[in-house]
K.L.:
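Take a look at the following structure, please.
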Amino acid sequence: MTTKRFPQRVYRDGDEPDPRFSLANERTFLAWLRTALGMYAGAFALEALALPAATGWRLAAAGVFLVLGTLAAVQAWLGWSATESALRRNQPLPGLAVGALIVVGIIVAVALVTIGIFV
């Protein structure tokens, strides 16, 4: 069955899944994008607010938040497409590999800001 839906590599194979599952997958995609925006907001807030943290530590934490935001945005797209493909092919859903990395990154960024405050 040919379709004009984007991305073609996701929609060209398999059968149309129950719409509830596809819509839940889209909500997860949007949740990852909200997480990415939150990370970007955290990075910009570290520079916009007058924190008593040393500049180098604060910039390092902002950089970590920017990287985490980009990682969350990439996870949103890759996770959505992998899950939608699995739904269409009636295969097991892919696991989550990025969530733990983002949690560790947040802990590192908070540690950098805390160190910067007490240095």
K.L.:
Is there a chain of hydrophobic side chains (I, L, V, M, F, W, Y, each step under 4.5 Å between heavy atoms) that links Phe29 to Val74?
P.N.:
yes

K.L.:
Got a second to check how far Gln75's CD is from Thr70's OG1, nearest 0.5 Å?
P.N.:
13.5 Å

K.L.:
Using atom types as modelled and distance alone, determine if a side-chain donor or acceptor of Tyr40 lies under 3.5 Å from a backbone N or O of Phe65.
P.N.:
no

K.L.:
Looking at Ala43 and Ala62, what are the two nearest heavy atoms and their distance?
P.N.:
CB-O, 3.4 Å

K.L.:
Is a salt bridge present between Arg89 and Asp13, judged by a nitrogen-to-oxygen distance below 4.0 Å?
P.N.:
yes

K.L.:
May I have the step-by-step check of side chain to side chain contact (heavy atoms under 4.5 Å, CB included) for Asp15 and Asn90, ending in yes or no?
P.N.:
CA-CA 8 Å; Asp15 298 320; Asn90 200 22; over 6 Å; no

K.L.:
Is atom CG of Asp18 surrounded by more than 12 heavy atoms (other residues, nucleotides or ligands) closer than 6.0 Å?
P.N.:
yes

K.L.:
Please answer: with hydrophobic residues joined when any side-chain heavy atoms are less than 4.5 Å apart, are Val108 and Val67 in the same cluster?
P.N.:
no

K.L.:
Do you know the tightest heavy-atom contact between Ala76 and Trp32?
P.N.:
CB-CB, 3.4 Å

K.L.:
Just by distance, no angles: are the side chains of Tyr11 and Ser85 close enough, under 3.5 Å, to form a donor-acceptor pair?
P.N.:
no

K.L.:
Verify, without hydrogens or angle tests, whether Ser81 (side chain) and Leu78 (backbone) share a donor-acceptor contact under 3.5 angstrom.
P.N.:
yes

K.L.:
To the closest 0.5 Å, what do you measure between OG1 (Thr35) and CG (Leu71)?
P.N.:
11.0 Å

K.L.:
Are Pro7 and Trp77 side-chain neighbours, meaning at least one heavy-atom pair lies under 4.5 Å?
P.N.:
yes

K.L.:
Distance check, rounded to the nearest 0.5 Å: Thr83 atom OG1 versus Leu93 atom CG?
P.N.:
6.0 Å

K.L.:
Check the pair Ile102, Ile106 against side chain to side chain contact (heavy atoms under 4.5 Å, CB included), reporting the backbone distance first and the verdict last.
P.N.:
CA-CA 6 Å; Ile102 288 180; Ile106 291 170; 4.0 Å; yes

K.L.:
State yes or no: do Val110 and Leu112 share one hydrophobic cluster built from I, L, V, M, F, W and Y residues joined by side-chain heavy-atom distances below 4.5 Å, directly or via other members?
P.N.:
yes

K.L.:
Minimum heavy-atom separation for Ala86 and Pro94, please, with both atom names.
P.N.:
CB-CD, 4.2 Å

K.L.:
According to a 4.5 Å side-chain heavy-atom criterion applied to Ile, Leu, Val, Met, Phe, Trp and Tyr, with indirect links allowed, do Leu30 and Leu23 form part of one hydrophobic cluster?
P.N.:
no

K.L.:
Atom CG in Leu68, atom CG in Leu101: separation rounded to 0.5 Å?
P.N.:
7.0 Å

K.L.:
Of all heavy-atom pairs between Ala109 and Val64, which one has the smallest distance, and what is that distance?
P.N.:
CB-CG1, 3.9 Å

K.L.:
May I ask you to test the Trp80-Val10 pair for a side-chain heavy-atom distance under 4.5 Å?
P.N.:
yes

K.L.:
Linking I/L/V/M/F/W/Y whenever any side-chain heavy atoms sit under 4.5 Å apart, do Val103 and Met39 land together?
P.N.:
no

K.L.:
Could you check Arg5 against Glu16 for salt bridge (Lys or Arg N to Asp or Glu O under 4.0 Å), going step by step and ending with a plain yes or no?
P.N.:
CA-CA 12 Å; Arg5 292 163 67 187; Glu16 195 69 28; 3.0 Å; yes

K.L.:
Which heavy atom of Ser22 sits nearest to which heavy atom of Leu87, and what is that distance?
P.N.:
N-CD1, 4.3 Å

K.L.:
What closest approach, in Å, do Val113 and Ala61 show between heavy atoms, and which atom pair accounts for it?
P.N.:
CG2-CB, 3.5 Å

K.L.:
Side-chain atoms of residues 52-60: list all donor-acceptor pairs with protein atoms under 3.5 Å, sequence neighbours left out, distances to 0.1 Å.
P.N.:
residue, atom, partner, partner atom, Å
Arg58, NE, Leu46, O, 3.2
Arg58, NE, Glu47, OE2, 3.3
Arg58, NH1, Ala53, O, 3.2

